[in-house]
Each structure stands twice: as C-alpha cells, then as structure tokens.
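Here the structure comes first, spelled out in structure tokens, and everything after it is commentary.
All chains are named by letter (A, B, ...) in the order of the sequence lines, taking the proteins before the strands, and each is independently numbered beginning at 1.
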Amino acid sequence: LLILVCRRPRKELLSMNRTKGDEEEYWNSSKFKAFTFDDEDDELSQLKESKRAVNSLRDFVDDDDDDDLERVSWSGEPVGSISWSIKETAGNSGSTHEGREQLKSRNSFSSYAQLPKPTSTYSLSSFFRGRTRPGSFQSLSDALSDTPAKTYAPELGRPKGEYRDYSNDWSPSDTVRRLRKGKVCSLERFRSLQDKLQLLEEAVSMHDGNVITAVLIFLKRTLCKEVLFRELEVRQVALRHLIHFLKEIGDQKLLLDLFRFLDRTEELALSHYREHLNIQDPEKRKEFLKTCIGLPFSAEDSAHIQDHYTLLERQIIIEANDRHLESAGQTEIFRKHPRKASILNMPLVTTLFYSCFYHYTEAEGTFSSPINLKKTFKIPDKQYVLTALAARAKLRAWNDVDALFTTKNWLGYTKKRAPIGFHRVVEILHKNSAPVQILQEYVNLVEDVDTKLNLATKFKCHDVVIDTCRDLKDRQQLLAYRSKVDKGSAEEEKIDALLSSPVSSYSLPLQQSQETVHKVASCVCSQGLERIAVSRAM
Amino acid sequence: MAFPHRPDAPELPDFSMLKRLARDQLIYLLEQLPGKKDLFIEADLMSPLDRIANVSILKQHEVDKLYKVENKPALSSSEQLCFLVRPRIKNMRYIANLVNADKLAGRTRKYKVIFSPQKFYACEMVLEEEGIYGDVSCDEWAFSLLPLDVDLLSMELPEFFRDYFLEGDQRWINTVAQALHLLSTLYGSFPNCYGIGRCAKMSYELWRKLEEEEDGETKGRRPEIGHIFLLDRDMDFVTALCSQVVYEGLVDDTFRIKCGSVDFGPEVTSSDKSLKVLLNAEDKVFNEIRNEHFSNVFGFLSQKARNLQAQYDRRRGMDIKQMKNFVSQELKGLKQEHRLLSLHIGACESIMKKKTKQDFQELIKTEHALLEGFSIRESTSYIEEHIDRQVSPIESLRLMCLLSITENGEPKRPKTDKAAGKITDAFSSLAKRSNFRAISKKLNLIPRVDGEYDLKVPRDMAYVFSGAYVPLSCRIIEQVLERRSWQGLDEVVRLLNCSEFAFTDMIKDDKASSESLRLILVVFLGGCTFSEISALRFLGREKGYRFIFLTTAVTNSARLMEAMSEVKA
C-alpha cells in the first residue's frame, strides 16, 4: 500500500484569463490531502474519474493561511511549504484516505512530501509511474517526460537481460526515437553497413546530438576506423559530433588518426599542441613543445610555437637562477621585493616585466636581460617601453624612467621622446603613484595643450595648469582654477600674482579657451563623484 | 525615468509553477534513494538549486551531508551517495574513481547519479567503460527552466554556446525542445512561431515532433502566449560583444550576475562584508533603474534619496498617534528602501571608479567607431595599444572579434603577442563572412543623429548603446513582429546567410485572446545579454507588447570570449 500526500491540484489550469489573484488563491489556499491507491490500471478511465473528482473537490476547499511561511523569491513562493505539508499531513493522514486515488493524474506539479516517519514504504515512485496517457490535457505530468511509460526509476540499475529481447525488431526510426527518449536500446541488430548508416542518418535527421553520439559510439565500436572515417567524411554533422566526442573522452590517438585521414593537417598540429596544457612539469612541457615545432602549423602559428618553446626554455633557466638568488638572501632586490609567483608559464610580456623589474641592468648577453628578451622575441618598441616604464615606475626608479625617454642626437643634444605618447606615460606614472614633481615633468612634455591641461588638472599638477593658462593668456580659466588650489598655498599666490600683473597681457579669452575652461571644469567635477548622502540622511 | 507599461499591456503568465515542478521532481528523485544519504552537488548546479529549494528541504528528504563535486577525494562515510550533476565526462570519471576506490577497499555502498537536465549516452558509456555501470543507478532531473525574474527564464546552460556554436554538437537541442514542450503544455500552444538560425530551425522541428507524438495535449488549451521567436546567437555576435551601458548590463559586466543574484563586495556595501543580493523585479529600486542608461541612474538615485529624506522628515511635528502610525506602517518600507538605495548607490560608485580607471570613455568611443565603420586605423591602433598594455587578454580578444566582424570577417589582425592557440579557435568560429556593414545599412542600425541623443527620453532601442547602435538581434525581432512574417526581409535573411533557416509558422487559433497576442516569448539559443533584454522591454513599452525571455543562459562579452578560449582537458 502506497500512501501519497498531495496538494489539491490547481483549479483552473484550463482557464486562460486567470488573474494573479486566482493564482495566489490557488497557491495559498489549497489544502493537503492524503490518499491511497493500489493499482495503476486503466489510466484512461481514471483520467475521466479524476476530472470529475477534481471538479467536485472545489467545494471542499477551506482557506488556510500561509502567511507565516518563509518567502524567499520574487514570486512570493513559499519555499518552506514542504515542511508545512508534512505537519499538515501528520494531522490529516488517515482521515482522508479514501476515494482520492482518482486524483493521481492531476497533481504532478503539487508538493510531495514524506510522512513523518520516512521509510521506503512511503515511496512516491508509483505516483510518477501512474502517469496518464496522452490526451489528458490537464495533466502536467506528461510535460515532465515524453511518454507515459517512462518511469523515473533507474533503468540502468536493472540487469541487461531484462530489456534485451524487446529491442530487437525496432526500425531505424523507431530505434532513434527510443534513444531520444533516453531508453536503453540495443543497436546490435544493425550489422550491415547499410543498416548502420541508415541508423546514423535517422539520428542526424532527428537533430538530437545525444542520439547522434549514441549511434556514433556504436559505429566506432563496430566499424574499423578506415570505414568509419570514410563514411563520416561525407557526413559533416556526424563528423563534428565524433570529433567533439573524442575530444571530450580524451581519445587523442583516434582523434589524431581522424585528422590525419581527413588531411586536416593544421587541426592535427593544433590538437597535438593543445596537449601541452595537460602537462604540469615544466621540463616535460618544454620537451613536449619541442616536438611541436616541426608540425604543419600555418606560417604565423609556427613562429608562435617556436617562441613558446624558447620562452619556456628561458623561464626555466631564469626561475632556477632566481629561486636560488632569492633563497640565498644576498641580493637586495629580492630581499626588498620578494617574488610573488614563479615566472614559469607566464606570458611573454609578464616575463619582460619581470626581467625589467629584477634584471634591468643586466648586460645584453644574459638570458634574463630585458634587452635580450626584446631582441629574441622581436618585441616592438612601444610594447617594450610600456612594460619597462611600468616596471621601473613600480620600483620608483625615476632615473631609469627618465633614461627610457631620453635620446641623444648626433650632436650630443638630448631630447625627450616617447613612442607611446607622453599622455600615456603620465597615466602609467600616476597609476604607480609617482610624486607630483615627476608627473609634472612629463605632463609638460604632452604636446596637445588641451590634453596637457586635462591631465594637469586631473593629477593636480598646479604649476603646469597655471603656466599653461599663463601662456594661453587665459585669465578666466586661471580665475576658475584659483578655487581648486588650497587657500594660502604657494599656488594661490602664484595665481594672484599673475592675475594682478598688467591687464594688457590678459585679454579676453578666445572662444577656444572658453571651451577649455568648460573642459577643465567638467573634468574637475567628474573626479569627485558626488556621493549621495543617504546614510547621513538617516 | 522608469517608463511605466501602457495600461493595455498584457499580464505576464505566472512562471513560479516551473520552480515548484522542478522542486517536486527533485524531491521525488531523492526519495528514490530512501534513507540517509550524502548529496554531492556540482558547483554549476548550486545556484540554480538555491533558487528553487533550500537545505531544510533537502534535509527533510534525508540528505545528511552536502558536498561539492570537485577534484578531491570524498570523505563521506555515508552508506548511500547521491550525485547531482550535469552530464559531463569529467563528472563520470570522478564518480568512477570514487566507486572503484570503494570496490578496492571492499566497501559496498549505494550510488545514485541524478543528471540534470538529462543524461547523455556518452556519460553512460564512460560508466560502462569504468566498470561501474550497474553499480550506480542513473536518473534524470529535467530541470531546464529556471525563472530568474517575472519575464526571464534561463536554462542555465552556458555550455550550450560552446557546444553548439564552436564544437557543432547538437546535444542540447533536445533539451531546448523539451523545455518548449513543457511551456506549451503549461501555457498553451503558441499560435505564431518565427525563427532564424540553423539551431532555431532544428529545435523548432524537434519540438514539433514532440508535440505531434503527444498530440491533443495542448490543442484544447487557450494559448496564453501568442508568439514565439527563436533566434540563434550567431545571427548577432556584435551586440553581445559590445560593452554594456544600461544599468543591469553594466552590473553584469562589472560584478557578474550569477543566476539572478550578485555578490556585492565591501567596496559596494561600505562595510567589511560582502552581500549576496537578488536582482529582480522584487527590488523596487533596482526595478526602476535596471533598464536605464547609466548616465540617468545617478540623477534617479539622488532624487530617490531626497524623496526618502522628505518622507523621514515628515515624522518631525507628528503627534504621538501619527508617529505610531508612521512606525507601524511606513517605517519598515522606508528602511527597506533605504537599504536598497544605499546598495545601488554603492554599486554605481564602484562601477564609476572601475570604469574611470579603465579609460572607459575611450573604449566606448572605439566600439562606436567600429560599429559605424569609421576611423578603422585609429581603432586598430587603439586595440594594439590595448594588447601592449596587457589590460586584459579577454578584453583585447573581444575588441579584435568586434573589429573582425564589423569589418565583415576580413580581419586586419593587429600584431598580437603570444595568444596563438587561444585566439585561433575563437577567430575561426567568428570570422566567417558577417556582412555586418550591409545588414547595418539595410536595417538602419546606426541611427542618424541630429543633435544630441537624449538618453533620458530614448526614442529607439539604440539607447541601450548610448544612441549609437540598435541591437541587431532586437531589430530583427521588431521587424518580423511588425510584418508578422519574414516578408520583405529577404535581403537581410540572405545577408545573414540564413535563407534556409528563417521560418514562420502560423497555427490558426481562434481562441487566442487579443491580450495573449501581445505576449511574445523570445528564445535566445546561445545566450542573451541584459542590454538586449532592456532593448526589447523598451520596444514592448512602445508597442504595448510584453516580452518574455527564454535564454540558454544570460551572457555578456566576457562570457562569450571565455567560452571560446581553450581549457584544460
């Protein structure tokens, strides 16, 4: 005897125009009833019964108030309702057993709950097995699976013999349909190549990738690979499934055979190369990468693979060396800035940064010197400068920064030049919290006046702003800026001195300067994002 | 701000039933293994599970301890182990190792694997190969539709994108068809069906087949939802690759919304704790700003803060009785609002800080230039510098993909550093001829700007990208709904390389109410972004429709890129 606890089914499943109110009424007011049933035969008549039963049940409903249930979601759905139902059941069960079995076809979306003493006798399995036939449009249970016969009981747990014999005479299309429904279904009877291919084509025309793969697993097992590959070559959808399947289960050998057969040399090479991701040991990975070098990659990729190998080779040397230096504790840079992580398997630019950080002054001949890296891997100037700048700025080695942008011409004059533009330089320096004096120097080197003003304002390089305004003869802007500097500061004095100097040199601002004022002002505003003082309001 | 729906806008169907269904089915499955048991849950299933059940429900069904499925030996001492997993090979290996270790130790336990949303034959094959087929029992938990919000259903299958679009594996098509079948069983059949894309067509056909097999099921029901529109993600990669600037999208891009909730760190909560916050229509503050362009959000929040202040201030000068009323009736609501308000203000601040750091302005400028197809040289050099500065590999890759597609898949590849293996796959999948420029012209995706685009009063769906671009996916949907067919869109369909995969199917149904005919279910196969959702919500308000979104997962540019990069086996 099986006992089920069910929530009364929804009253108006069929009704189109139900309102939210109806919904609430349903969910909140339904009552839990326990009922029993002991067989599952004649589902159709049961269905009719159940309809009648449900209709008549409406009158029984009394309103229960769920208000105290925990509400957790936007729908206001009571998550605790299952426990609630258990309590209810404890009070009710036994009294409402009879005459409810008809309900079973209507309540698949209601709550199931265990009775207070949970043992296997209270299993709900029969509920799902008692699924209704097609045609019962109010049954939601069918939505849960595709056929009435499908049970949620573990089919795989059963011994094979149990279903061996009834799958012998399915046609390819029936077989494929059964497979789609998740049924275990023997494919052994498809022995001729023609049958196998027909099965595969059925699966492909069904569009279900899971079934296609199931058939492919069977074909892979029962066809030699030459025949399998040959047939798949002209069936692209199935072929893609096999490739993905082989990748997933990690059958690298067959995958490479397949690529070889299909003459997809580049994919073959990439697929081989990809394996390095699974090799943890750096030495082994390096050796593996060496085997990749001769593979038929595209010209572009070939260079990458070569570089990848060379880089790892370098990193292994650098790592061994630096680990030693660090643990010896004799080298200042490692003492002051202990390494955060090993350099192994890091990207090239990270390696460059590392070497600019720890090995900046080394001669070009060493593996770890930045210049050597730059040459070996043909790192473009821009990228080199950006990386070196970031590394040296982080160490606050301002002289190195200075040297990075200083060029001498043949007459011996020095000149400042930055392949990345000085506005970028300023930003990077700022990010590494360079002092204002240093920032100022580079802000001054920005060519475009507007950009210069913007940056100077943003980074509070007062002198640059003031001097620029002076050069622009922009009195108004200077006035506007006066409010941005500290009261009584040297900057304020400087502004006042300029403002009180002969008026003639501060003619009315040009249209262009007015725009600049606007820009500066907006820049200033955007910096201090107005924090809305809600918390204070409280 | 927060435009109200038109008074004639239809009511949304109630999707909470889906949660109940899923929960009940899970409970039933747990009961299939009677007695005390330990439950191993796959990490990816935890958040979805959290949305429909809680620990006490599991405990009530004799789940003793909960474990995460991860690559560590299990310490469970229970006699019964239950695994709740996605159908993945690595999970099968994990289970096989565990069972085989038990066997070696001469230990017998009961094992049950519950696959969600379905099991795959490849998984069973692994169980068989590992010699544990029969030792473990397998079940399916067909939990494939999680209502994340009143109008948003997610299948929570981010791997759909990679599996189908990159690997060409159609394993999830049946899952989609089953989900649609479930919806039509619950909410009536859909009288008007449209779709575009190969996957859309296949899913539709398989779904139809399911309906035929169980005919009669839905025929008698009055349809609640008048239209269904299926769309493949590869119809429009451009939209998904853009930086998002509506609030909800921006929150997703910045903090990553996971399964409808977000973890706000200390920088947002202005305390030392992180806070998990559900983001949906229940959050009244969020609901009003979610679809807004970010530039409007500050104004709105400060207005809201002032109003709140005013309401609090009213208590001054109240007599005792009024005060009592105030405390009992209003204070709770005000406090709640206050809490939400300060959270979203904190989030805005944090977003601003991060975006200012990243030169967001310049980034957006580049994206707009790419969309409009001008100053390609500048954009290319911007991207180059982006790579040089090592801002973020995913971001660089995203910009390169955007460049490649907007330039019709003929990439003028910038000189890259070592991203070799990583990029190759992504490019080969994205860089087929996209015809983006021609489509954009044909569908008028770049609005002509006369004067400033007023983001406060949007005039079209382009507002979700600061007025610079109407999302292609949403435009297609708009055009088809207007015509109730693909008529007159032949050229667009041809440019999308989809001549065989654009379909319309009208099923005469006199029972469909006029209200239901203004409800549209949009199915995004391969994921949709919050920007697209916002754009369509806007369209709905303009036209008196309401959209319901069904997506394989909510996505964004970073997720798309990550899905395509190489992972360890």
- Message: Taking CD in A:Gln236 as the centre, count heavy atoms belonging to other residues, nucleotides or ligands within less than 6.0 Å. Is the count above 12?
- Response: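 Yes, the 6.0 Å shell around CD holds more than 12 heavy atoms from other groups.
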
- Just wondering, more than 12 heavy atoms not from B:Lys335 lying within 6.0 Å of its NZ?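 Counting neighbours around NZ of B:Lys335, 12 or fewer heavy atoms of other residues, nucleotides or ligands fall under 6.0 Å, so no.
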
With a 4.5 angstrom heavy-atom cut-off, which part of [X] approaches chain B: side chain, backbone, both or neither?
X	value
A:Leu179	both
A:Ile249	both
A:Ser302	neither

- Message: Just to verify, what does A:Glu427 make a side chain to side chain contact (heavy atoms under 4.5 Å, CB included) with, not counting sequence neighbours?
- Response: A:Arg424, A:Leu455, A:Phe459, B:Asp359

- Message: Going by side chain to side chain contact (heavy atoms under 4.5 Å, CB included), name the residues that satisfy it together with B:Lys110, two or more places apart in sequence or in a different chain.
- Response: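 Result, side chain to side chain contact (heavy atoms under 4.5 Å, CB included) vs B:Lys110: B:Leu33, B:Gln80.
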
Do the side chains of [Y] and [X] get nearer than 4.5 Å, heavy atoms only?
X	Y	value
B:Glu385	A:Ile420	no
A:Arg240	B:Asp169	no
A:Arg221	B:Met125	no

[X] to [Y] - nearest heavy-atom pair and separation:
X	Y	result
B:Gln170	A:His207	NE2-O, 3.1 Å
A:Glu248	B:Ile89	O-CG2, 3.9 Å
B:Asp388	A:Lys382	OD2-CB, 3.8 Å
B:Ala122	A:Phe245	CB-CE1, 3.8 Å

- Give the member of B:Lys304, B:Glu205, B:Lys90 that has the highest number of heavy-atom pairs under 4.5 Å with chain A. B:Glu205

- Item | Best-contacting candidate, B:Leu183, B:Leu206, B:Ile173, B:Leu334, against chain A by heavy atom pairs under 4.5 angstrom | B:Leu206

Which distance, rounded to the nearest 0.5 Å, do you find between the [atom1] of [X] and the [atom2] of [Y]?
X	Y	atom1	atom2	answer
A:Lys247	B:Glu167	NZ	CD	4.0 Å
A:Asp208	B:Tyr121	CG	OH	8.5 Å
B:Arg171	A:Ile212	CZ	CD1	11.5 Å

Is chain A contacted by the side chain of [X], its backbone, both, or neither, given a heavy-atom distance below 4.5 Å?
X	result
B:Arg339	neither
B:Gln118	side chain
B:Arg88	neither

- Would you find a donor on one side and an acceptor on the other, under 3.5 Å apart, between the side chain of A:His244 and the backbone of B:Gly168?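 Side chain of A:His244 to backbone of B:Gly168, a donor-acceptor pair under 3.5 Å: no, none is there.
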
- Apply side-chain contact (heavy atoms from CB on, under 4.5 Å) to A:Met206 and B:Lys209, showing your working. CA-CA 9 Å; A:Met206 178 87 79; B:Lys209 206 170 279 177; 4.0 Å; yes

- Query: In terms of heavy-atom pairs under 4.5 Å, which option from A:Ala214, A:Gly250, A:Ser298 contacts chain B the most?
  - Reply: A:Ala214

- Query: Do you know which of A:Thr213, A:Leu239, A:Ile217 has the most heavy-atom pairs with chain B at a distance under 4.5 angstrom?
  - Reply: A:Ile217

